[in-house]
Enquirer: 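Can you keep this structure in mind? I'll have questions shortly.
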Amino acid sequence: MTVSIAIQAHPSRHDWAQQLAERLGAQIAWSQAQGDVWDTHRRARLLAGTAADWNLVVQDDALLCADFDKRLIQTLQAPRYLS
């Protein structure tokens with residue numbers, strides 16, 4: 001099972017976004033001056049591509065639990081998600 005994670009970020013929270021990206025091995029979609037939140041979200045989803053089984057977009061100010069990535073995989077491997 002593969003999971004792709006992207007960060008939806010605003011430049012004013014650059015450090016937070018970078019820390020999340022490093023922690024999760026994620027790419028970052030930065031807000032652009034002419035874009036809105038939906039444009040940034042769309043671009044974050046496009047970063048995932050089509051190779052992953054699951055795609056997750058995380059906001060740049062998210063507070064994640066310890067071992068979030070491992071817990072995410074465990075949750076997605078639960079029988080109710082594998083049908």
Side-chain angles (χ1 to χ4, degrees):
M1 169 182 303
T2 57
V3 177
S4 173
I5 302 175
I7 310 296
Q8 180 176 338
H10 189 273
S12 66
R13 293 183 291 276
H14 180 272
D15 293 344
W16 290 354
Q18 289 290 81
Q19 289 172 7
L20 271 176
E22 289 172 13
R23 177 179 168 191
L24 300 173
Q27 297 183 58
I28 303 173
W30 294 103
S31 295
Q32 298 176 347
Q34 73 278 12
D36 61 10
V37 67
W38 294 111
D39 173 65
T40 307
H41 182 78
R42 180 188 61 80
R43 288 184 295 101
R45 288 185 50 126
L46 290 173
L47 287 174
T50 57
D53 298 312
W54 296 88
N55 302 312
L56 174 67
V57 174
V58 177
Q59 296 289 325
D60 56 8
D61 58 353
L63 300 173
L64 305 177
C65 63
D67 297 325
F68 173 80
D69 49 344
K70 293 176 188 170
R71 292 176 185 213
L72 174 64
I73 295 293
Q74 290 173 344
T75 300
L76 294 175
Q77 288 177 335
R80 67 179 170 254
Y81 293 109
L82 294 177
S83 57

Enquirer: How about CZ on R43, more than 12 heavy atoms from neighbouring residues, nucleotides or ligands closer than 6.0 Å, or not?
Expert: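 It does: R43 CZ has more than 12 such atoms within range.
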Enquirer: Starting from L47 and following side-chain heavy-atom contacts under 4.5 Å between hydrophobic residues (I, L, V, M, F, W, Y), which residues can be reached?
Expert: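 Under the 4.5 Å side-chain rule, L47 groups with nothing.
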Enquirer: Which pair of heavy atoms, one from T2 and one from A52, lies closest together, and at what distance?
Expert: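 Of all heavy-atom pairs spanning T2 and A52, the closest is OG1-CA, 3.1 Å.
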Enquirer: The test is side chain to side chain contact (heavy atoms under 4.5 Å, CB included); show your working for N55 and R45 and say whether it passes.
Expert: CA-CA 7 Å; N55 302 312; R45 288 185 50 126; 6.0 Å; no
Enquirer: Just to verify, what does T50 make a side chain to side chain donor-acceptor pair (under 3.5 Å) with, not counting sequence neighbours?
Expert: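 Scan of T50 (side chain to side chain donor-acceptor pair (under 3.5 Å), adjacent residues dropped) gives none.
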Enquirer: May I have the step-by-step check of side chain to side chain contact (heavy atoms under 4.5 Å, CB included) for L72 and F68, ending in yes or no?
Expert: CA-CA 6 Å; L72 174 64; F68 173 80; 4.2 Å; yes
Enquirer: Listed by chain and number, what are the side-chain contact (heavy atoms from CB on, under 4.5 Å) partners of S12, not counting sequence neighbours?
Expert: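 S12: side-chain contact (heavy atoms from CB on, under 4.5 Å) contacts with H10.
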Enquirer: Minimum heavy-atom separation for A9 and A17, please, with both atom names.
Expert: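 Closest approach of A9 to A17: CB-CB, 3.6 Å.
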Enquirer: Tell me, please, which residues at least two apart from R23 pass side chain to side chain donor-acceptor pair (under 3.5 Å).
Expert: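 If we apply the side chain to side chain donor-acceptor pair (under 3.5 Å) test to R23, skipping adjacent residues, there are no hits.
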Enquirer: Are I5 and L76 co-members of a hydrophobic cluster defined by side-chain heavy atoms under 4.5 Å apart?
Expert: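 Result: yes, single cluster for both.
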Enquirer: Excluding sequence neighbours, so at least two apart, what forms side chain to side chain donor-acceptor pair (under 3.5 Å) with R13?
Expert: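 Side chain to side chain donor-acceptor pair (under 3.5 Å) check on R13 returns D60.
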Enquirer: List the steps and the verdict of side chain to side chain contact (heavy atoms under 4.5 Å, CB included) for L56 and L24.
Expert: CA-CA 11 Å; L56 174 67; L24 300 173; over 6 Å; no
Enquirer: Counting only heavy atoms not in W30 (residues, nucleotides, ligands), do more than 12 fall under 6.0 Å from its CH2?
Expert: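 Result for CH2/W30: enclosed.
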Enquirer: Tell me whether I73 shares a hydrophobic cluster with V57, the cluster being built from Ile, Leu, Val, Met, Phe, Trp, Tyr side chains joined at under 4.5 Å.
Expert: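 No, because I73 and V57 fall into different hydrophobic clusters, even though each may have its own neighbours under 4.5 Å.
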Enquirer: Should I28 and L46 be counted in the same cluster of Ile, Leu, Val, Met, Phe, Trp and Tyr side chains packed under 4.5 Å apart?
Expert: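 No, I28 and L46 fall in different hydrophobic clusters.
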Enquirer: Can you sort out the partners of Q18 under side chain to side chain donor-acceptor pair (under 3.5 Å), two or more places apart, ordered by chain and number?
Expert: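 With sequence neighbours excluded, Q18 shows a side chain to side chain donor-acceptor pair (under 3.5 Å) to no residue whatsoever.
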Enquirer: Looking at V37, D36, T40, which one forms a side chain to side chain contact (heavy atoms under 4.5 Å, CB included) with S31?
Expert: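 Only one of V37, D36, T40 forms a side chain to side chain contact (heavy atoms under 4.5 Å, CB included) with S31, namely T40.
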Enquirer: Is the closest side-chain heavy-atom distance between L20 and L64 below 4.5 Å?
Expert: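 Yes, close enough: below the 4.5 Å cut-off.
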